[in-house]
Amino acid sequence: MSAVRRSASAELAVADEGPGIPPDDIPHLFERFYRGNGIGRRTKGGGLGLAIVKGFVGLSGGTVRVENPPGGARFVTTLSLDSPAPQTAART
């Protein structure tokens, strides 16, 4: 795991040294209920984790992407550090 500050954003990355992600699965990884056609089929789960991550990061004004270097996979999240503070409803 790594974290890097870039002028107005923070980049958080998580990488592994596994077999990587089959190229056919990459365009679908962030879809709800997608579980992949490769090694992921042997794993339990509903296929919601990455869709939730993408939704949460998107609501925070950030982005998330996957990279597939040789010898693993890498997920990179970029969050803005200059976002205005969230507005809250006034109490009456």
Side-chain angles (χ1 to χ4, degrees):
M1 185 161 62
S2 66
V4 177
R5 182 179 180 135
R6 309 232 184 258
S7 62
S9 65
E11 184 177 280
L12 311 169
V14 177
D16 67 24
E17 296 175 353
I21 299 168
D24 291 344
D25 289 339
I26 291 174
H28 307 286
L29 285 180
F30 297 100
E31 294 174 8
R32 288 182 295 170
F33 306 113
Y34 187 77
R35 295 193 56 216
N37 296 316
I39 198 166
R41 285 287 195 206
R42 294 184 287 227
T43 321
K44 293 182 180 181
L48 289 172
L50 290 174
I52 291 169
V53 167
K54 183 177 181 181
F56 179 76
V57 170
L59 287 173
S60 301
T63 61
V64 62
R65 69 181 188 275
V66 63
E67 298 172 352
N68 205 20
R74 186 171 187 255
F75 290 85
V76 182
T77 301
T78 304
L79 298 170
S80 174
L81 298 175
D82 289 338
S83 295
Q87 298 295 316
T88 57
R91 289 187 157 169
T92 56

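Treat the numbers as computed from the prediction; the structure is a model and nothing was measured.
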Legend entry - Qualifying residues under ring-ring contact (aromatic ring centres under 6.0 Å, His included), relative to F56, sequence neighbours excluded: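 None.
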Legend entry - Results of salt bridge (charged side-chain N to carboxylate O under 4.0 Å, His left out) for R74 - residues two or more places apart only: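 Residues passing salt bridge (charged side-chain N to carboxylate O under 4.0 Å, His left out) with R74: E67.
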Legend entry - Closest approach of A13 to V76 (non-hydrogen atoms, all atoms of both residues):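 Taking A13 first and V76 second, the nearest heavy atoms are CB-CG2, 4.2 Å.
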Legend entry - Flag if over 12 foreign heavy atoms under 6.0 Å of CZ, R32: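 No - once you tally the heavy atoms of other residues, nucleotides and ligands closer than 6.0 Å, there are 12 at most.
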Legend entry - Sequence neighbours excluded - ring pair (Phe, Tyr, Trp, His ring centres under 6.0 Å) pairs with any residue from residues 3-29: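 Passing the test, one end in residues 3-29: H28-Y34.
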Legend entry - Pairs meeting criterion side chain to side chain donor-acceptor pair (under 3.5 Å) with involvement of residues 10-22, two or more places apart: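 Qualifying pairs: R6-E11.
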Inset, instruction - Check which hydrophobic residues are tied to L50 through side-chain heavy-atom contacts below 4.5 Å, counting indirect links as well, and list them. - result: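 Joined to L50, directly or through intermediates: L12, I21, I26, L29, F30, V53, V57, V64, V66, F75, L79.
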